[in-house]
Amino acid sequence: MLHTLRSVEDFYRQHSWLRQMRETCPVWLDERSGCWHVFRYNDVYRVITDYASFSSEKPKTSSAAGSSILSMDPPRHKQYRNLVAYAFTPRALARLSERIAVLTQELLDKIRFKGQMDLVADFAYQLPTIVIAEMLGVPASDRSLFKRWTDVLLNHQVDDAELFRPDLALETDDIEHTYEELKEYLEEALKERQSNPKEDMMSDLLAVEMEGKRLSMEERVNFCRILLLAGHLTTTNLLSSGIWCFDGQPGLIEQLRKRPELMPGAIEEVLRYAAPGWRITRMARTDVKLAEVTIPAGAAIFAWLASANWDSTQFSDPDSFDVARSPNKHLTFGHGIHFCIGAPLARMEATIALSMLLEQLPQLCLIDRAALEPFEGTTLFGFKRMPVTFVPQT
Ligand code: HEM
């Protein structure tokens, strides 16, 4: 049965259901919702990469939200992605890495002397907004404004099922209003850079040009907005699940502290084992056969990334968390033309932040693993709160 996650036990129950589905019913029609579910690695891979058969287009849930790169198909997707890819060049990321260390230090300085904290509220939720704001070029003085907008938008977690039933999607005035405020703010900031370019992504978005084409103002605003929505909670969950996974292996935190070169591999394993997103969506363009089952044209499909990541045909002993796992071809960032554009940033941010956290907070450990509460939906996996203790620093 598809589980509503209320406890850590439910994470393991969900995974045992996914394993059962991979073994007995790899392509499943949920009669209640009319949506199809795909569980095996090879089938998930096909659904997310074969854009000729599976479209990324979805009905819009908010008039103010605008369309995003995530729901575009070729050829429009390619043109748009080529334009925005300039904002994620190694040069742009190198510019950010030092800032991420400084921003992480600012957060650590507020908590190091306390001896305990909620790792989600005090650290993992905060860092990604500040980093995205910084990357775009939002000045520190506007951070609280930016954080308020992010809080409203992220609290409005639309479950994927609603994307295919727009009549179910709740559209509150607050969300419409927040989108409007954010749009006005970004338009203003972009216009200012037209006359006064800076070393930031908003200036890059104004300058990029390919084959004589530039982004329209609406496209630029939409891109800034999607960075916030696609890059925030996912990274928050990666950071907190990282500590959850490390804490679950006796001696691992100490080992990572002594051998920081193990951290990138450890983060890949967190991405596989506790993927921040359970599944992504597609729409069948035509009738399409998958694992001997025909999915009808127009059907909504959930491709379970988290299930693919635990598929024993691809990963030996998939239920074990193994920092030395190699190769580790998890599908957590998707694959193909929509492969996560922010993956290098998320990896870099997690490596810097988790290394600094372990280094500066000795004997970091979870207060009560069994009492942790995950988010309830079936789209994102992460924890609402994560109380931890450590030796306070003066
Ligand atoms: C796309 C996951 C962090 C921006 C995607 C996709 C996945 C994903 C699965 C593909 C969706 C699809 O095929 O439908 C994640 C995870 C992250 C993360 C697990 C953190 C651990 C970020 C960050 C940013 C970002 C930090 C930017 C600041 C995007 C964008 C796309 C995307 C713009 C759309 C790319 C396209 O459609 O061509 N992400 N993401 N993501 N992600 Fe991420």
Side-chain angles (χ1 to χ4, degrees), residues 38 44-51 54-58 66-88 92-93 96 100 124 127-136 138 150 154 160 163 201-202 204-205 219-220 222-242 245 267-283 300-306 308-309 330-354 379-382:
V38 174
V44 169
Y45 185 91
R46 160 116 195 260
V47 170
I48 67 178
T49 51
D50 177 1
Y51 56 82
F54 304 97
S55 164
S56 285
E57 273 185 26
K58 298 169 192 85
S67 70
S68 96
I69 181 171
L70 273 162
S71 55
M72 284 178 197
D73 284 330
R76 190 160 166 244
H77 173 266
K78 183 156 193 271
Q79 288 166 349
Y80 190 77
R81 177 141 177 153
N82 284 345
L83 285 172
V84 296
Y86 280 92
F88 282 89
L93 287 181
L96 259 185
I100 292 176
L127 188 64
T129 347
I130 308 175
V131 169
I132 295 169
E134 184 86 10
M135 176 170 73
L136 288 171
V138 172
T150 318
L154 294 181
D160 282 357
L163 292 174
M201 190 182 280
M202 282 200 263
D204 289 353
L205 284 173
E219 285 171 327
R220 289 180 192 126
N222 277 346
F223 186 65
C224 296
R225 190 182 47 81
I226 202 70
L227 289 187
L228 261 182
L229 297 183
H232 188 186
L233 276 189
T234 44
T235 312
T236 298
N237 292 347
L238 173 60
L239 297 175
S240 55
S241 294
C245 291
I267 288 168
E268 287 314 298
E269 182 64 346
V270 177
L271 285 162
R272 182 196 72 82
Y273 187 86
W278 284 103
R279 59 193 196 183
I280 57 180
T281 55
R282 293 292 187 266
M283 182 97 74
I301 304 165
F302 293 116
W304 283 83
L305 304 176
N309 287 350
H330 63 73
L331 295 181
T332 301
F333 288 120
H335 204 78
I337 61 167
H338 287 281
F339 180 79
C340 177
I341 209 168
L345 171 62
R347 285 176 162 135
M348 181 172 82
E349 194 171 332
T351 306
I352 296 172
L354 292 179
T379 307
L380 290 178
F381 173 71

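All of these numbers come straight from a predicted model, not from anything done at the bench. Atoms within each ligand, like the ligands themselves, are counted from 1 in listed order.
Tested against Met348, the residues Leu96, Val131, Ile267 include a single side chain to side chain contact (heavy atoms under 4.5 Å, CB included) partner, Leu96.
Excluding waters, the count of protein N/O/S atoms less than 2.8 Å from atom 43 (Fe) of ligand 1 comes to 1.
With respect to atom 14 (O) of ligand 1, the closest heavy atom belonging to the protein is Arg282 NH1, 2.8 Å. Protein heavy atom closest to atom 27 (C) of ligand 1, with residue, atom name and distance, is Leu227 CD2, 3.7 Å. From the protein, the heavy atom lying nearest to atom 9 (C) of ligand 1 is Thr332 O, 3.3 Å. When hydrogens are left out, the protein atom nearest atom 35 (C) of ligand 1 is Arg81 NH1, 3.4 Å; that is the closest non-hydrogen contact. The protein heavy atom nearest to atom 10 (C) of ligand 1 is His338 O, 3.4 Å. Nearest protein heavy-atom contact of atom 11 (C) of ligand 1 is Leu70 CD2, 3.6 Å.
Counting heavy atoms closer than 4.0 Å to ligand 1, residue His77 contributes side-chain atoms (C-beta onward) but none from N, CA, C or O.
Close approach of ligand 1 to Ile337 is summarised as follows: ligand atoms under 4.0 Å from at least one heavy atom of the residue are 38 (O). The atoms of ligand 1 that sit less than 4.0 Å from any heavy atom of Ile280 are 12 (C), 13 (O), 14 (O).
A distance of 9.0 Å separates NE2 in His338 from CD1 in Ile280, rounded to the nearest 0.5 Å. To the nearest 0.5 angstrom, Leu229 atom CG is 11.5 Å from Cys224 atom SG.
Ring geometry, Phe223 versus Tyr80: the interplanar angle exceeds 60°, so the pair is classed perpendicular (tilted spans 30 to 60°).
Contact detail for Ser55 and Asp73: the closest heavy-atom pair is OG-OD2, 2.5 Å.
Residues satisfying the ring pair (Phe, Tyr, Trp, His ring centres under 6.0 Å) criterion with Tyr45, sequence neighbours excluded, are His335. Scored by the salt bridge (Lys or Arg N to Asp or Glu O under 4.0 Å) test, Arg347 finds Glu268 as partners (sequence neighbours excluded). Qualifying side-chain contact (heavy atoms from CB on, under 4.5 Å) partners for Thr332, counting only residues two or more places apart in sequence or in other chains: Leu271, Ala275, Pro276, Asn309, His330.
Using modelled atom types, one side-chain atom of Thr236 and one backbone atom of Ala124 make a donor-acceptor pair closer than 3.5 Å. Not a single donor-acceptor pair under 3.5 Å links the side chain of Asn222 to the backbone N or O of Ser68. Arg279 places no side-chain N or O within donor-acceptor distance of the main-chain N or O of Phe302, the cut-off being under 3.5 Å.
Ligand 1 lies within reach of Thr235, whose nearest heavy atom is under 4.0 Å from it.
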